[in-house]
Amino acid sequence: MSKGLPEARTDTAMSELVPEPRPKPAVPMKPVSINSNLLGCIGIDTIIEQMRKKTMKTGFDFNIMVVGQSGLGKSTLVNTLFKSQVSRKASSWNREEKIPKTVEIKAIGHVIEEGGVKMKLTVIDTPGFGDQINNENCWEPIEKYINEQYEKFLKEEVNIARKKRIPDTRVHCCLYFISPTGHSLRPLDLEFMKHLSKVVNVIPVIAKADTMTLEEKSEFKQRVRKELEVNGIEFYPQKEFDEDLEDKTENDKIRQESMPFAVVGSDKEYQVNGKRVLGRKTPWGIIEVENLNHCEFALLRDFVIRTHLQDLKEVTHNIHYETYRAKRLNDNGGLPPGEGLLGTVLPPVPATPCPTAE
Ligand SMILES: Nc1nc2c(ncn2[C@@H]2O[C@H](COP(=O)(O)OP(=O)(O)OP(=O)(O)O)[C@@H](O)[C@H]2O)c(=O)[nH]1
């Protein structure tokens, strides 16, 4: 026994001196790419079809806001974009309507179905923006509206009994109409885009491009791009959110060549070479809105609907809403009880994936 003690002591002393090797944290193995075709397909690619079926059943929300001075063709352009009467005016046409005294925000919902896919479209019009003598801070009601939609979504997210599908009223895209002056941007344009580009995807467009010559249009586009850059205004698609080289190459082209899209809108149809086209009849002929030789409407339509609609929704959810959510939850911790979302400090909310392919 006595012989064993020192040994035992030595063991204890040793174990104090030399800590037991800690188990190494499990490092996830790098996924190894396997070509399943070698052994026959297992059907991974059917996920696309499964997602398609789900989206067909539930449809999807898309909320677009139009901002710009009165008479720049906002209502006409959204009608042209969706080939339907979706604008505020089409829904509550009132020729007597006077310019509102302050910025009024009107959201009109529609369901558009194409090829069995339902889009729940909301057009948010902002009549009165920039129409006053004093336009100081006139973007504030618009920013407030955008944030209110984030707040609504957040409240639904933190509910204990959450809806299976949270209604999405968040603004996914804001078309900002620039007057085709050929001069510089107005300070109001710069202020608006500076403020709002931090909370929403802003896409600047030059309105009524048919009122400019080709040279004027090209020069004006360059000038606007330069002014936006000099003033540090990031419009959509923002450089920092390009996900890969393919995105970057595609979006660089849009940022450096197409932006701001110089567009013409019309909801009237005319017969051109035996085909019915949307256009504007002038003494010099018909301006076809979808003809790329006439204007860039088709580029804007393809960009917003055919190539970037899903990305507009994802950037809204993952960047703009996430920024709002994080700030709101942080701020809430400092608020006295009763002023928080739920009347108390909020629990951390796990971010939900972008609710698109429901
Ligand atoms: N030349 C030209 N005129 C246009 C264009 N788009 C619309 N218009 C005309 O401009 C006028 C105003 O168009 P709206 O679409 O009502 O303009 P808005 O910006 O919605 O106007 P508010 O509701 O007052 O803010 C109408 O007479 C349209 O026909 C365009 O691309 N080129």
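Each ligand, and each atom within it, is numbered from 1 in the order the structure gives.
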Identify every side-chain donor-acceptor pair in residues 281-289 under 3.5 Å, counting partners at least two apart or on other chains, and give the distances.
{"from": "Thr282", "atom 1": "OG1", "to": "Trp284", "atom 2": "N", "distance (Å)": "3.1"}
{"from": "Thr282", "atom 1": "OG1", "to": "Gly285", "atom 2": "N", "distance (Å)": "3.3"}
{"from": "Thr282", "atom 1": "OG1", "to": "Gly285", "atom 2": "O", "distance (Å)": "2.7"}

Which ligand 1 atoms are under 4.0 Å away from a heavy-atom of Lys74? 15 (O), 17 (O), 18 (P), 19 (O), 20 (O), 22 (P), 25 (O)
Among Ser70, Gly71, Ser75, which residue places a heavy atom closest to atom 20 (O) of ligand 1? Ser75
Is the backbone N or O of Asp244 less than 3.5 Å from a side-chain atom of Asp242, with the two atoms forming a donor-acceptor pair by type? no
Best match, Gln69, Arg280, Lys106: closest heavy atom to atom 4 (C) of ligand 1: Arg280
Approximate separation, where rounding is to 0.5 Å, of Phe62 CZ and His110 NE2: 13.5 Å
Out of Thr211, Leu77, Asp210, whose heavy atom is nearest to atom 1 (N) of ligand 1? Asp210
Would you say ligand 1 has an N or O under 3.5 Å from any N or O of Gly68? no
Just verifying a value: how many Å separate Gln310 CD and Thr55 OG1, rounded to the nearest 0.5 Å? 8.5 Å
Considering the heavy atoms of Val264, write down every atom of ligand 1 situated less than 4.0 Å from one of them. 31 (O)
For Phe261, check ring pair (Phe, Tyr, Trp, His ring centres under 6.0 Å) against everything at least two apart and list the hits. Phe303
